[in-house]
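So the structure is just underneath, and the comments pick up after that.
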Amino acid sequence: MHGVIRVDGQGTQMAGVAKLQRRPQATVRNPIARDIAPALLGWYDRERRQMPWRAELGERADPYRVWLSEIMLQQTTVKTVTPYFEAFVARWPDVRSLADTELEEVLAAWAGLGYYSRARNLHACAKAIVAEHGGRFPKNEAKLLELPGIGPYTAAAIASIAFGERVTPVDGNVERVVSRLFAVREPLPLSKPALRSLAATLTPMTRTGDFAQAMMDLGATVCTPKSPSCLMCPLNSDCTARKLGIEARLPARTPKGERPARFGIAFIALREDGAVLLRKRPENGLLGGMLEVPSTDWLDMLPSATDAMRIAPAKGDWWKVPSTVRHVFSHFELELVVYRAVVPFDAPLTFWADQPRCRWVPRRDLDSQALPSVMKKVIAHGLREM
DNA sequence: AATACGTGGTA
DNA sequence: TTACCAAGTAT
């Protein structure tokens with residue numbers, strides 16, 4: 001037995017894949033795998049989209065730019081990432097400059113991109129590369145994997161794209177392309193190991209970085225989630241799902257649980273000169289290290305107005321701003337009631353509001369702060385008609 | 001293994 | 001409006 005994958009579109013492929021998982025070193029004779037890379041690379045050479053982090057064809061990509069872009073692109077679209085990437089490389093042209101910057105500055109530049117642990121790990125990673133690697137990126141997947149914020153996908157992506165190592169980054173695009181190519185019906189995330197193995201069988205001996213990017217481009221532009229453009233696809237004659245007419249239903253996913261609702265009260269404390277009271281959140285966890293408007297905890301019930309007044313950061317004439325702010329996080333929905341008050345310069349703050357993690361920020365400086373989108377919403381809501 | 005962790009776009 | 005989705009990682 002040599003770990004041959006059966007790909008017949010009749011539902012027996014999973015047996016072969018399971019064997020391959022246990023013996024990833026086994027030789028794979030896959031009747032269609034051989035043809036995939038050349039067809040895909042030919043398509044990539046014609047259709048390849050330029051992006052600010054990509055090198056010109058035939059040139060070597062800058063590892064710093066590849067790394068930065070890959071971290072930003074985790075769970076985030078190219079369209080959203082592009083302006084952030086441009087701003088980052090303009091401000092921090094290399095790892096050392098990023099490592100020499102205060103975390104909060106990096107968080108402020110990251111504000112709005114989401115998943116802020118990425119920014120904290122980005123900063124930690126830059127420091128580690130300077131301190132432990134002389135300011136140069138490790139050149140292989142295994143060493144990259146040891147760095148903060150770099151997981152299996154990103155390690156393989158950097159190793160292949162920036163250093164030409166023959167490894168196989170598998171992201172959501174690759175999972176979708178491969179699940180259709182081989183008609184893998186097993187739902188995600190259960191099928192992840194199988195899809196990884198299958199993807200690895202497709203990776204060519206040369207141009208592995210181009211191949212990786214081609215797979216992702218294909219998933220992003222042709223082999224799309226809802227209505228894939230099979231007529232435009234360079235792999236359409238090899239695609240088992242298409243032969244079976246089930247491409248639009250793959251990959252299958254186990255349904256996600258529902259998002260609970262949480263509620264809270266946020267306080268816009270306005271000093272007489274217009275400065276707003278902000279508070280730094282704990283370094284880890286949700287929106288870790290970011291700034292916020294002081295607020296109650298976010299729980300399953302809305303605190304009473306009486307409780308809210310007891311918690312307010314200062315005594316004052318708190319006015320309940322009409323309507324509420326709703327925001328959707330990945331794992332819960334938040335509804336915030338906003339109270340506003342003008343606080344005199346000499347007004348005493350409550351104990352918790354008088355801590356170092358709280359600070360008054362002038363209105364004009366709000367844009368440059370490390371405020372997550374939800375807090376920008378809250379502030380805009382609280383300051384409307386002012 | 002399952003859950004925590006953001007945001008904006010699209011149907 | 002609801003629901004799903006997008007170049008995942010850490011614990």
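Owing to the predicted nature of the structure, the values given are computational and were not obtained by experimental measurement. Every chain is numbered from 1 and lettered A, B, ... according to where its sequence line falls, protein lines coming before strand lines.
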Handout entry: Sugar-phosphate only, base, or nothing, as touched by A/Pro148 at under 4.0 Å among non-hydrogen atoms
Key = sugar-phosphate
Practice task
Decide, yes or no, whether a salt bridge links A/Arg48 with A/Asp217 under the criterion of side-chain N to carboxylate O below 4.0 Å.
Solution key: no
Handout entry: Nucleic acid contacts - residues 203-224 of chain A versus DNA chain B, non-hydrogen atoms under 4.0 Å
Key = none
Exercise for the section: Name the orientation class of the two ring planes belonging to A/Phe88 and A/Trp110 (parallel below 30°, tilted from 30 to 60°, perpendicular beyond 60°). Expected result: perpendicular
Practice task
Looking at every strand, decide which applies to A/Arg281 at a 4.0 Å heavy-atom threshold: base, sugar-phosphate, or nothing.
Solution key: nothing
Problem - Value rounded to 0.5 Å, distance of CZ in A/Arg54 from CG in A/Asp210 - result: 9.0 Å
Side-chain polar contacts of residues 243-254 of chain A - donor-acceptor pairs under 3.5 angstrom, sequence neighbours left out - could you list them?
| from | atom 1 | to | atom 2 | distance (Å) |
| --- | --- | --- | --- | --- |
| A/Lys243 | NZ | A/Ser237 | O | 3.0 |
| A/Thr254 | OG1 | A/Leu188 | O | 3.3 |

Handout entry: Euclidean distance, atom CG of residue A/Leu195 to atom P of C/dG8 [Å, nearest integer]
Key = 14 Å
Practice task
Nearest whole angstrom, please: distance from the P of C/dG8 to the CG of A/Leu73.
Solution key: 8 Å
Problem - Sequence neighbours excluded - side chain to side chain donor-acceptor pair (under 3.5 Å) pairs with any residue from residues 305-323 of chain A - result: A/Ser304-A/Asp307, A/Asp307-A/Arg310
Problem - Test side chain to side chain contact (heavy atoms under 4.5 Å, CB included) applied to A/Ala200 - qualifying residues, sequence neighbours left out - result: A/Thr168
Hey, can you pull the donor-acceptor pairs under 3.5 Å for the side chains in residues 295-303 of chain A, sequence neighbours left out?
| from | atom 1 | to | atom 2 | distance (Å) |
| --- | --- | --- | --- | --- |
| A/Ser295 | OG | A/Trp298 | NE1 | 3.3 |
| A/Thr296 | OG1 | A/Ile265 | N | 2.9 |

Exercise for the section: Please list, chain by chain and in numerical order, all residues satisfying salt bridge (Lys or Arg N to Asp or Glu O under 4.0 Å) with A/Asp62, sequence neighbours excluded. Expected result: none
Fill in the blank from the handout: Cluster membership besides A/Trp360, Ile/Leu/Val/Met/Phe/Trp/Tyr side chains within less than 4.5 angstrom, sorted by chain and number, is A/Leu277, A/Val343, A/Leu349
Completion exercise
Expected list for residues 75-84 of chain A near DNA chain C, using heavy atoms below 4.0 Å, is A/Gln75, A/Thr77, A/Val78
Exercise for the section: Classify the nucleic acid contact of A/Pro372 as base, sugar-phosphate or nothing, counting any heavy atom under 4.0 Å across all strands shown. Expected result: sugar-phosphate
Practice task
Map A/Trp53 and A/Gly149 onto DNA chain C by nearest heavy atom, then report which one ends up closer to the 5' terminus.
Solution key: A/Trp53
Exercise for the section: Apply the side chain to side chain contact (heavy atoms under 4.5 Å, CB included) test between A/Met232 and each candidate in A/Pro234, A/Ser229, A/Cys230; give the one that qualifies. Expected result: A/Ser229
Problem - salt_bridge(A/Glu59, A/Arg65) N-O dist < 4.0 Å - result: no
Practice task
Rounded to whole angstrom, note down the P distance from C/dT9 over to B/dG8.
Solution key: 22 Å
Exercise for the section: Just jot down the side chain to side chain donor-acceptor pair (under 3.5 Å) partners of A/Glu292, sequence neighbours excluded, or say none. Expected result: A/Arg279, A/Arg281
Practice task
Look at the rings of A/Tyr339 and A/Phe267 and say which category their plane angle falls in: under 30° parallel, 30 to 60° tilted, over 60° perpendicular.
Solution key: tilted
Practice task
Compare all side-chain heavy atoms of A/Tyr64 with those of A/Leu98 and state whether any distance is below 4.5 angstrom.
Solution key: yes
Problem - Atom-to-atom span, CD of A/Glu335 to P of C/dT1 - whole angstrom - result: 12 Å
Protein N or O to nucleotides 2-5 of chain C N or O, pairs below 3.5 Å:
none

Handout entry: N/O donor-acceptor pair under 3.5 Å between A/Ser97 side chain and A/Asp94 backbone
Key = yes
Exercise for the section: Indicate, with a heavy-atom threshold strictly under 4.0 Å, whether A/Ser69 touches base, sugar-phosphate, or nothing. Expected result: nothing
Handout entry: Residues touching DNA chain B, which here means a heavy atom under 4.0 Å, drawn from residues 107-123 of chain A
Key = A/Gly112, A/Leu113, A/Gly114, A/Tyr115, A/Tyr116
Problem - Min side-chain heavy-atom separation A/Leu202-A/Phe211 under 4.5 Å - result: yes
Completion exercise
5'-most to 3'-most nt of DNA chain B touching chain A (<4.0 Å, heavy-atom partner on protein side) reads B/dA4 to B/dA11
